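Counting begins at 1 with the first residue of the sequence. Just so we're clear, the structure is a prediction, and the values are computed from it rather than from any experiment.
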Amino acid sequence: DRKGAEAIRCTPEAILSGTVRAAGAGAVWLAPLGLSAGTELCAVERVLAEGAALMAALAEQDVARIWVVTRGTQAAAGEAVENVMAAGAWGMFAAVAHEYPSIAMACVDLPGEPLEDEMDALAAVLLESREESRIAIRDGSLYGARLAPWAWGEGEHVGAGELRAE
């Protein structure tokens with residue numbers, strides 16, 4: 001609201017039931033923020049299933065753009081992934097984006113430890129019209145997902161006979 005955009009807070013149920021309509025607007029899915037490394041798998045599955053249903057409902061309402069916000073799910077700025085349980089939201093979201101190519105969809109990952117000004121940084125990302133669809137916010141900088149060449153390094157090669165199930 002401080003950035004001049006109108007924000008309507010609602011539950012997924014309000015969207016799914018049609019009580020709140022988002023036609024022509026943008027939607028931000030925050031449920032994955034409630035997932036942590038200690039979250040049980042059944043709870044993760046519920047959140048992702050609800051997210052898939054929510055994305056389908058928003059697509060039927062002709063929403064303009066959908067963002068998913070996670071915390072600590074992407075390796076950026078040299079840090080490791082802290083929240084593997086919520087990282088699945090990015091994969092699910094990518095699959096849903098292929099089902100609804102007419103809707104702009106983007107993922108934003110916040111750092112594992114909250115920053116003082118992260119809500120301002122998140123608002124700036126959400127309000128800017130950008131081509132980037134996979135963004136990590138770290139220490140005031142934005143990182144985009146990129147494919148980079150990869151080569152075998154010393155000690156990284158595993159021979160065919162070295163893999164076995166125990």
Side-chain angles (χ1 to χ4, degrees), residues 1-16 20 22 25-55 57-58 63-98 100 103-151 153 155-156:
D1 291 336
R2 294 184 311 203
K3 297 285 185 180
E6 180 183 347
I8 300 171
R9 292 183 186 174
C10 66
T11 63
E13 292 78 23
I15 297 286
L16 293 171
V20 174
V28 182
W29 184 44
L30 300 172
L33 285 174
L35 301 175
S36 69
T39 303
E40 292 185 13
L41 187 56
C42 60
V44 174
E45 290 172 344
R46 273 193 306 275
V47 168
L48 296 182
E50 178 184 83
L54 183 61
M55 300 310 135
L58 288 168
V63 70
R65 186 164 186 139
I66 305 171
W67 293 267
V68 61
V69 181
T70 57
R71 180 176 299 287
T73 66
Q74 304 301 307
E79 65 186 22
V81 171
E82 295 180 21
N83 191 355
V84 175
M85 298 308 274
W90 278 47
M92 184 276 297
F93 206 68
V96 171
H98 288 293
Y100 301 101
I103 300 171
M105 296 194 184
C107 298
V108 181
D109 190 53
L110 300 173
E113 291 297 320
L115 300 173
E116 186 175 314
D117 63 343
E118 76 180 13
M119 287 301 111
D120 288 334
L122 177 60
V125 168
L126 298 178
L127 293 173
E128 287 182 26
S129 177
R130 61 178 68 236
E131 299 281 326
E132 199 67 54
S133 63
R134 306 290 182 267
I135 301 165
I137 300 173
R138 301 293 187 273
D139 293 323
S141 296
L142 302 179
Y143 294 85
R146 298 287 180 270
L147 293 176
W150 185 79
E156 294 175 356

Say you draw a straight line from [atom1] of [X] to [atom2] of [Y]; how long is it, rounded to the nearest 0.5 Å?
{"X": "M119", "Y": "I137", "atom1": "CE", "atom2": "CD1", "answer": "8.0 Å"}
{"X": "L16", "Y": "L58", "atom1": "CG", "atom2": "CG", "answer": "8.0 Å"}
{"X": "M92", "Y": "C107", "atom1": "CE", "atom2": "SG", "answer": "8.5 Å"}
{"X": "M55", "Y": "I15", "atom1": "CE", "atom2": "CD1", "answer": "10.0 Å"}
{"X": "L41", "Y": "R46", "atom1": "CG", "atom2": "CZ", "answer": "10.0 Å"}
{"X": "E128", "Y": "I135", "atom1": "CD", "atom2": "CD1", "answer": "8.5 Å"}

What closest approach, in Å, do [X] and [Y] show between heavy atoms, and which atom pair accounts for it?
{"X": "M105", "Y": "A97", "value": "SD-CA, 3.6 Å"}
{"X": "T39", "Y": "A43", "value": "CG2-CB, 3.6 Å"}
{"X": "G51", "Y": "W29", "value": "CA-CZ2, 3.3 Å"}
{"X": "M85", "Y": "A37", "value": "CG-O, 3.7 Å"}
{"X": "W67", "Y": "F93", "value": "C-CZ, 4.0 Å"}
{"X": "I103", "Y": "A64", "value": "CG2-O, 4.0 Å"}

Charged N to carboxylate O under 4.0 angstrom, R146 versus E132?
->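 Salt bridge flag = yes for E132 with R146.
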Are the side chains of V47 and E50 in touch, meaning some heavy atoms are under 4.5 Å apart?
->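 In short, these two side chains do not touch, never coming nearer than 4.5 Å.
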Could you pull out every donor-acceptor pair under 3.5 Å between side chains of residues 108-115 and any protein atom, sequence neighbours left out?
residue: D109; atom: OD1; partner: T70; partner atom: OG1; Å: 2.7
residue: D109; atom: OD1; partner: R71; partner atom: N; Å: 3.4
residue: D109; atom: OD1; partner: G72; partner atom: N; Å: 3.2
residue: D109; atom: OD1; partner: T73; partner atom: N; Å: 3.0
residue: D109; atom: OD1; partner: T73; partner atom: OG1; Å: 2.8
residue: D109; atom: OD2; partner: T73; partner atom: N; Å: 3.2
residue: D109; atom: OD2; partner: Q74; partner atom: N; Å: 3.1
residue: D109; atom: OD2; partner: R138; partner atom: NH2; Å: 2.6

